[in-house]
Student: 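To start, I am sharing the structure in question, which I have written as structure tokens.
Computed over heavy atoms, backbone and side chain alike; hydrogens, waters and symmetry mates excluded. Nothing here was measured: the structure is a model prediction, and the numbers come from that model.
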Amino acid sequence: MSSIIEGNKVIFTEEQEALVVKSWAVMKKNSSELGLKFFLKIFEIAPSAKKLFSFLKDSAIPLEQNPKLKPHAMTVFVMTCESAAQLRKAGKVTLKEANLKRLGATHFKYGVVDEHFEVTKFALLETIKEAVPEMWSPEMKSAWGEAYDQLVAAIKTEMKRSS
């Protein structure tokens with residue numbers, strides 16, 4: 001079950017949407033903890049990624065206790081999941097254009113590259129898998145992966161505009 005492409009628009013299938021929406025409904029109430037877990041996974045896989053965050057760069061505070069990491073992680077996790085849940089309805093990534101432009105510019109400024117997006121995708125999928133183990137399936141992994149890829153494609157488009 002993969003996405004269908006019409007023109008240059010990816011059609012997120014009803015089945016994919018249902019899997020994403022259903023799992024997001026369960027995860028939403030724990031989004032603060034899940035967001036933090038998501039980011040801790042990123043830093044576990046790629047410790048050097050900490051250098052991309054000004055508030056972590058020279059901090060001696062353990063990551064779990066950094067006062068800026070949890071709110072940032074929750075914001076990113078919620079934005080990613082909300083965007084995924086809206087993908088089919090909208091037919092495209094639904095972030096306010098200003099947010100998308102800011103994301104593109106920020107990711108460009110800090111030198112985010114494809115490998116960073118891959119690590120983030122892996123961490124996101126692992127976080128979701130652990131959050132909803134009874135729902136997890138190859139189809140759900142594919143649905144979340146497709147939604148994430150769409151978001152990254154939109155961010156990369158804005159990154160190119162920033163260059």
Side-chain angles (χ1 to χ4, degrees), residues 12 16-17 19-87 90 92-137 140-159 162:
F12 201 53
Q16 287 176 313
E17 177 189 46
L19 291 167
V20 165
V21 169
K22 189 171 141 192
S23 53
W24 176 227
V26 172
M27 293 187 292
K28 201 180 283 192
K29 59 185 169 292
N30 297 325
S31 54
S32 182
E33 284 70 35
L34 291 173
L36 184 60
K37 265 187 179 174
F38 168 46
F39 267 73
L40 293 176
K41 261 184 214 310
I42 292 170
F43 299 137
E44 187 183 308
I45 298 164
S48 63
K50 288 181 215 131
K51 290 187 285 220
L52 299 171
F53 298 87
S54 55
F55 59 85
L56 295 177
K57 232 185 285 190
D58 302 314
S59 176
I61 303 167
L63 287 172
E64 304 80 36
Q65 293 163 20
N66 186 298
K68 292 184 178 171
L69 180 59
K70 196 169 187 176
H72 177 78
M74 182 181 142
T75 300
V76 172
F77 186 70
V78 169
M79 179 207 65
T80 301
C81 293
E82 287 290 342
S83 174
Q86 298 294 316
L87 189 58
K92 64 181 174 52
V93 170
T94 54
L95 290 182
K96 289 188 185 95
E97 201 168 317
N99 287 352
L100 206 49
K101 284 188 186 333
R102 187 177 41 76
L103 279 171
T106 302
H107 283 78
F108 177 76
K109 178 177 136 188
Y110 286 103
V112 174
V113 294
D114 288 349
E115 292 77 33
H116 296 127
F117 286 117
E118 286 306 309
V119 165
T120 302
K121 180 179 183 178
F122 179 80
L124 176 71
L125 294 175
E126 284 296 303
T127 302
I128 295 168
K129 178 182 179 179
E130 288 171 18
V132 291
E134 67 293 338
M135 290 184 187
W136 191 251
S137 66
M140 182 173 282
K141 180 180 181 180
S142 171
W144 276 105
E146 180 61 51
Y148 176 80
D149 291 345
Q150 291 296 311
L151 178 59
V152 167
I155 291 171
K156 285 180 176 179
T157 298
E158 289 304 325
M159 285 173 73
S162 296

Student: Taking atom CZ of F122 as the centre, report whether more than 12 heavy atoms of other residues, nucleotides or ligands fall under 6.0 Å from it.
Tutor: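 It does not: F122 CZ has 12 such atoms or fewer within range.
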
Student: Once side-chain contact (heavy atoms from CB on, under 4.5 Å) is applied, do any residues pair with S59, and if so which ones, sequence neighbours excluded?
Tutor: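 Expected list: I61, N66.
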
Student: Let me confirm one number: the CD1-NZ distance from I128 to K141, rounded to the nearest 0.5 Å.
Tutor: 11.5 Å

Student: Suppose we screen for side-chain contact (heavy atoms from CB on, under 4.5 Å). Which residues come up paired with V119, at least two apart in sequence or across chains?
Tutor: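 Expected list: I42, I45, A46.
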
Student: Using the rule given for side chain to side chain contact (heavy atoms under 4.5 Å, CB included), can you reason through L151 versus M79, listing the C-alpha separation, both sets of side-chain angles and the distance that settles it, and then say yes or no?
Tutor: CA-CA 10 Å; L151 178 59; M79 179 207 65; 4.1 Å; yes

Student: Which heavy atom of F117 sits nearest to which heavy atom of I155, and what is that distance?
Tutor: CZ-CG2, 4.0 Å

Student: If you look at every heavy atom in L34 and F77, which pair is closest and at what distance?
Tutor: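 That would be CB-CE2, 3.6 Å.
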
Student: Show every salt bridge (Lys or Arg N to Asp or Glu O under 4.0 Å) that has at least one partner inside residues 120-130, sequence neighbours left out.
Tutor: K41-E130, K121-D149

Student: Taking C-beta and beyond as the side chain, do K156 and D114 meet within less than 4.5 Å on heavy atoms?
Tutor: yes

Student: Extract all donor-acceptor atom pairs below 3.5 Å that involve side chains of residues 47-56 and protein atoms in other chains or at least two apart in sequence.
Tutor:
none

Student: Test of understanding: with side-chain contact (heavy atoms from CB on, under 4.5 Å), list the residues that count as partners of K70, not counting sequence neighbours.
Tutor: S32, E33, L36

Student: Minimum heavy-atom separation for G35 and A73, please, with both atom names.
Tutor: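 Nearest heavy atoms, G35 then A73: O-CB, 3.2 Å.
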
Student: Could you tell me which non-hydrogen atom of E17 sits nearest to which non-hydrogen atom of A85, and how far apart they are?
Tutor: OE2-O, 4.4 Å

Student: Once salt bridge (Lys or Arg N to Asp or Glu O under 4.0 Å) is applied, do any residues pair with D58, and if so which ones, sequence neighbours excluded?
Tutor: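 Listed in chain order: nothing, the list is empty.
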
Student: Within the distance-only criterion (no hydrogens, no angle test), does the side chain of Y148 pair as donor or acceptor with the backbone N or O of T80 below 3.5 angstrom?
Tutor: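 Not a single qualifying donor-acceptor pair exists.
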
Student: Among all residues two or more places apart in sequence or in another chain, which pass the side chain to side chain donor-acceptor pair (under 3.5 Å) test with S23?
Tutor: W144

Student: Apply salt bridge (Lys or Arg N to Asp or Glu O under 4.0 Å) to E64 and list each qualifying residue two or more places apart in sequence or on a separate chain.
Tutor: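 Once residues adjacent in sequence are excluded, E64 has no partner under the salt bridge (Lys or Arg N to Asp or Glu O under 4.0 Å) criterion.
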
Student: Taking only residues two or more places apart in sequence, or in another chain, which ones meet V78 in a side-chain contact (heavy atoms from CB on, under 4.5 Å)?
Tutor: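 Scan of V78 (side-chain contact (heavy atoms from CB on, under 4.5 Å), adjacent residues dropped) gives W24, S31, M74, E82.
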
